[in-house]
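Residues take their numbers from the sequence shown, with the count starting at 1. Everything numeric here is computed off the predicted structure, so don't read it as measured data.
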Amino acid sequence: MVDDMTTTCGTLCAAAKLLKAHGARSVRAVVSHIPLTQVGIDRLRANNGLIEELICTDSIPLDESIVGLPSVKVLSVAPLLAEAITRIHNNRSVSSLFRLS
């Protein structure tokens, strides 16, 4: 599953439950921004393996309690931002950073 942002993980957990009910062997989620509330942290802790892996970025400061969850993998956007700043400073293309081919 892919989502741009989650605060309570309600949609993620409900979708994971639905996918599992329809035969999914595992569920993984990718979320760009994750400003979790305590409700979201509690849902992730209690998800009982519904979401096998949750990948997020550090685009905003993360609550330390989410970083310690075994199913959560945090990817840093720092190298991407550093390269974008360098390109802007050197009057080079930033959009080419996002070309997949």
Side-chain angles (χ1 to χ4, degrees):
M1 299 183 297
V2 178
D3 203 351
D4 61 337
M5 185 176 77
T6 188
T7 55
T8 65
C9 294
T11 302
L12 284 178
C13 289
K17 200 177 285 188
L18 187 63
L19 288 168
K20 288 281 194 151
H22 283 85
R25 286 188 238 150
S26 69
V27 176
R28 289 171 169 74
V30 179
V31 179
S32 299
H33 315 290
I34 191 160
L36 283 183
T37 61
Q38 189 59 50
V39 170
I41 293 167
D42 293 343
R43 280 188 179 141
L44 282 179
R45 282 194 182 125
N47 91 45
N48 297 324
L50 276 176
I51 300 174
E52 188 171 317
E53 183 177 39
L54 173 60
I55 300 170
C56 65
T57 69
D58 61 355
S59 62
I60 59 170
L62 299 173
D63 188 291
E64 285 302 314
S65 57
I66 186 176
V67 176
L69 293 172
S71 62
V72 175
K73 181 175 184 177
V74 180
L75 301 178
S76 178
V77 296
L80 178 64
L81 295 176
E83 181 62 24
I85 291 166
T86 299
R87 287 176 183 223
I88 291 166
H89 179 74
N90 293 319
N91 200 28
R92 292 176 33 223
S93 172
V94 174
S95 61
S96 65
L97 279 172
F98 305 103
R99 291 196 184 116
L100 299 175
S101 57

>> I need the single residue from L12, T57, I55 that forms a side chain to side chain contact (heavy atoms under 4.5 Å, CB included) with V31. Which is it?
In response: L12
> Can you hop from I88 to F98 via hydrophobic side chains spaced under 4.5 Å?
Replying inline: yes
> Can you check side chain to side chain contact (heavy atoms under 4.5 Å, CB included) on V72 and E53, steps first, answer last?
Replying inline: CA-CA 6 Å; V72 175; E53 183 177 39; over 6 Å; no
>> Under the rule for salt bridge (Lys or Arg N to Asp or Glu O under 4.0 Å), what residues qualify as partners of E52, not counting sequence neighbours?
In response: R28
>> Rounded at 0.5 Å granularity, tell me how far SG in C13 sits from CG in L54.
In response: 9.0 Å
> Once you round to the nearest 0.5 Å, how far does CD1 of I60 lie from CD1 of I34?
Replying inline: 8.0 Å
>> Working to the nearest 0.5 angstrom, can you tell me the gap between K73 NZ and C56 SG?
In response: 11.0 Å
> Step by step, would you call V74 with L62 a side chain to side chain contact (heavy atoms under 4.5 Å, CB included)?
Replying inline: CA-CA 9 Å; V74 180; L62 299 173; 3.6 Å; yes
> For the hydrophobic clusters of this structure (ILVMFWY residues joined by side-chain heavy atoms under 4.5 Å, transitively), does one cluster hold both M1 and L69?
Replying inline: yes
>> For residues 8-23, which residue pairs pass the salt bridge (charged side-chain N to carboxylate O under 4.0 Å, His left out) check, not counting sequence neighbours?
In response: none
> Cluster partners of L81, using ILVMFWY side-chain heavy atoms under 4.5 angstrom, listed by chain and number?
Replying inline: V77
> To the nearest 0.5 Å, what is the distance between SG (C9) and CD1 (I51)?
Replying inline: 6.5 Å
>> Show every side-chain hydrogen bond (donor to acceptor under 3.5 Å, both in side chains) that has at least one partner inside residues 75-89, sequence neighbours left out.
In response: D58-S76, E83-R87, R87-S96
>> So, using side-chain contact (heavy atoms from CB on, under 4.5 Å) as the criterion, who are the partners of A14 when residues are at least two apart?
In response: none
>> I need the D3 CG to H33 NE2 distance, nearest 0.5 Å.
In response: 10.5 Å
> How long is the gap from OG1 on T6 to CG on D4, to the nearest 0.5 Å?
Replying inline: 9.5 Å
>> Main chain of R92, side chain of N90: is a donor-acceptor contact present, judged purely on distance under 3.5 Å?
In response: no
> How close do S59 and S32 get, heavy atom to heavy atom, and via which atoms?
Replying inline: OG-O, 3.4 Å
Just distance, no hydrogens or angles: give the donor-acceptor pairs under 3.5 Å from side chains in residues 35-46, sequence neighbours left out.
from: T37; atom 1: OG1; to: T7; atom 2: O; distance (Å): 3.1
from: T37; atom 1: OG1; to: V39; atom 2: N; distance (Å): 3.4
from: T37; atom 1: OG1; to: G40; atom 2: N; distance (Å): 3.3
from: Q38; atom 1: NE2; to: D42; atom 2: OD1; distance (Å): 2.8
from: R43; atom 1: NH1; to: T8; atom 2: O; distance (Å): 3.0
from: R43; atom 1: NH1; to: T8; atom 2: OG1; distance (Å): 3.3

